[in-house]
Number of protein chains: 2
Amino acid sequence: MSSKTVLIVDDEASIREMIAIALEMADYRVLEADNAQTGHAMALDQKPDLILLDWMMPGTSGIELARRLKREEATAEMPIILLTAKGEEDNKVQGLEAGADDYITKPFSPRELVARLKAVLRRATPPGIEEAVEVEGLRLDPSSHRVTSHGGALEIGPTEYRLLQFFMTHQERAYTRSQLLDQVWGGNVYVEERTVDVHIRRLRKALGETHQHLVQTVRGTGYRFSTRE
Amino acid sequence: MSSKTVLIVDDEASIREMIAIALEMADYRVLEADNAQTGHAMALDQKPDLILLDWMMPGTSGIELARRLKREEATAEMPIILLTAKGEEDNKVQGLEAGADDYITKPFSPRELVARLKAVLRRATPPGIEEAVEVEGLRLDPSSHRVTSHGGALEIGPTEYRLLQFFMTHQERAYTRSQLLDQVWGGNVYVEERTVDVHIRRLRKALGETHQHLVQTVRGTGYRFSTRE
DNA sequence: GCGCCCCTGTCATATCGCTGTCATATTTTC
DNA sequence: GAAAATATGACAGCGATATGACAGGGGCGC
């Protein structure tokens, strides 16, 4: 899964650092800005998936930046979480009016931060509505995360599932091991090409006699998913 | 009967207060929001049984919020009653088009409000809430708040009950821990994802040998409730 | 108002399945 | 028949899930 990018805008380096560490541990990519101007520029340039914004900063305040971001089309869709000192309930209202998506009062635990952040991201990223695919009685349904053969459930591992999903949505085309690694395993993993063979075998086994023929070897090149011989 | 929760979204504190008192006397649980953003967030988090929405508010208007709520799956089922100043007949049409379930013109008497509200709730309640669900002899009956296996009552905790209810009304679909936290625990609670595992285990234990197989692990993803396999 | 008990969330630990790799067998090609 | 490519089976490490235990909190009954 591609990790999300989070932009932190806060004038205090120590706080940025603390947050950055927490987020990196949770596998987010982190950008930092120590004032509203820089933050604004980075938001435009880097298009982060979410912005953490300190309420109180010298110069342009966080809330002002929030308003500005929400006003501009390029950044209007970015979710914003405001960070603020405790107790200031009024701020909450103002903050949410300015278009912030959530609001965390300092002090907060890294865990809380990450949890809220996840929630906001989840809300902002509507789950892709994936359609089930079916071929010759072999059906892969992303919503139930299940593969069935004429109604009967098949035993299939995670990697084989992804592999099959890729194949079923990209039929009649030969892929090299390298391409499959990219598409199914994801970009920067280093894995032996031969490993693909092994998973192909596991996939065939899982498909059983009935559907094995769909996964075809293209000698000298790689593999292909096809209904034809 | 468990009392219903009503969310009031209105920018005028005095009106909210008036309504809140009327509703509390009628034994409803009341939530308040003074703008559309907050209202939206609370609707997601608290899952009220009904929303009272002011037509005219600074910023995002009530009707806009109504549309948004109806558009999103999580809130689409929530009944909405629009509050509006007298005379504006046009609004009525727009409001009902936006998906509002009823429409009350100010000024109104508390009695009228409660009466309409009851009517709307009565109409809206049937789906899911009151219906018992049964699968392979496992029966969950919301009206008696009870789970039985072939007639025999099962010992089950509150969280496991909600979890099971969610599962039984959303079968054959894989959910991540994150989604389950959202759906069963509710929005902004922050709880470890692993906690879901624990409650799954408790649920399985409660279901016993007979029905355990219905709650399935989807490795690398989360869990699923299914009668197959 | 007080105390007890159940429920909850978390942690440490145990378990299990998945993964990537290798050695070896089999098939294909020329 | 030899070389190259692919298939297969076995295996150890690792990560994800299951489990058991525990302390705090809250509700309920008294």
Side-chain angles (χ1 to χ4, degrees), chain A residues 1 25-27 109-112 114-115 145 147 153-165 174-182 184-186 188-209 212-225 229, chain B residues 2-3 29 145 147 153-165 174-182 184-186 188-209 212-224 229:
Chain A
M1 173 165 49
M25 292 211 320
D27 202 35
S109 69
R111 180 178 298 166
E112 178 183 1
V114 173
H145 205 275
V147 182
L154 293 184
E155 194 92 0
I156 189 170
T159 305
E160 287 72 44
Y161 178 90
R162 287 199 311 272
L163 189 54
L164 180 60
Q165 181 171 40
Y175 291 92
T176 64
R177 297 176 171 70
S178 200
Q179 290 173 320
L180 289 173
L181 282 176
D182 274 1
V184 178
W185 274 253
N188 8 355
V189 283
Y190 171 70
V191 180
E192 281 296 318
E193 292 209 340
R194 290 277 141 231
T195 298
V196 174
D197 299 28
V198 178
H199 282 281
I200 288 285
R201 170 176 145 270
R202 287 173 181 155
L203 175 57
R204 283 174 172 155
K205 193 182 211 173
L207 293 182
E209 293 286 334
Q212 266 196 159
H213 66 281
L214 294 169
V215 179
Q216 304 167 355
T217 302
V218 183
R219 198 171 181 85
T221 304
Y223 300 93
R224 172 182 53 205
F225 186 94
E229 271 314 301
Chain B
S2 60
S3 72
R29 214 161 69 81
H145 205 273
V147 182
L154 292 185
E155 194 90 2
I156 190 171
T159 305
E160 286 71 43
Y161 177 89
R162 272 179 291 137
L163 189 54
L164 181 60
Q165 181 173 40
Y175 291 93
T176 64
R177 297 178 170 70
S178 212
Q179 291 173 321
L180 290 173
L181 283 176
D182 272 3
V184 178
W185 275 253
N188 276 7
V189 286
Y190 80 94
V191 175
E192 280 296 317
E193 292 206 342
R194 293 272 142 239
T195 298
V196 174
D197 299 28
V198 178
H199 283 280
I200 288 284
R201 169 173 147 274
R202 287 172 181 155
L203 174 57
R204 281 174 173 157
K205 196 183 214 172
L207 292 181
E209 294 285 334
Q212 270 198 147
H213 64 281
L214 294 169
V215 180
Q216 304 168 355
T217 302
V218 183
R219 188 158 262 262
T221 301
Y223 299 94
R224 173 181 53 208
E229 185 170 336

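- OP1 or OP2 of C:dT21 sits under 4.0 Å from a side-chain N or O of A:Thr195.
- Remark: C1' of C:dG17 and CD of A:Glu155 are 10 Å apart, rounded to the nearest angstrom.
- OP1 or OP2 of C:dG9 has at least one side-chain nitrogen or oxygen of B:Trp185 nearer than 4.0 Å.
- Here D:dG9 is the nucleotide among C:dT8, D:dG15, D:dG9 with the atom lying nearest to any side-chain atom of A:Val198.
- Among the atoms of the strands shown, only primed sugar atoms or phosphate atoms (P, OP1, OP2) are found under 4.0 Å from some heavy atom of B:Tyr223.
- Between B:Thr217 and D:dA16, a side-chain N or O to OP1/OP2 separation shorter than 4.0 Å is absent.
- Among the protein residues, A:Arg194 comes within range of the nucleic acid bases, having at least one heavy atom under 4.0 Å from a base atom.
- In this pair, B:Trp185 and B:His199 present their aromatic rings perpendicular. The plane angle is above 60°, beyond the 30 to 60° band.
- Between B:Arg202 and the phosphate of C:dG9, there is no side-chain N or O to OP1/OP2 separation shorter than 4.0 Å.
- Using a 4.0 Å heavy-atom criterion, one finds that A:Glu160 contacts the sugar-phosphate atoms exclusively.
- Side-chain proximity of B:Glu192 to C:dC18, D:dG20, C:dC11: nearest is C:dC11.
- Between the CD1 atom of A:Ile156 and the NE2 atom of A:His145 there is a distance of 9.5 Å, given to the nearest 0.5 Å.
- At C:dC18, none of the side-chain N or O atoms of A:Thr159 fall inside 4.0 Å of OP1 or OP2 (strictly under the cut-off).
- Distance check: A:Leu214 CG to A:Arg204 CZ gives 10.5 Å after rounding to the nearest 0.5 Å.
- With C:dT8, C:dT10, D:dT6 as the choices, the nucleotide that has an atom nearest any side-chain atom of B:His199 turns out to be C:dT8.
- Looking at which nucleotide of DNA chain C each of B:Ile156 and B:Glu193 is closest to, the 5′-most match is held by B:Ile156.
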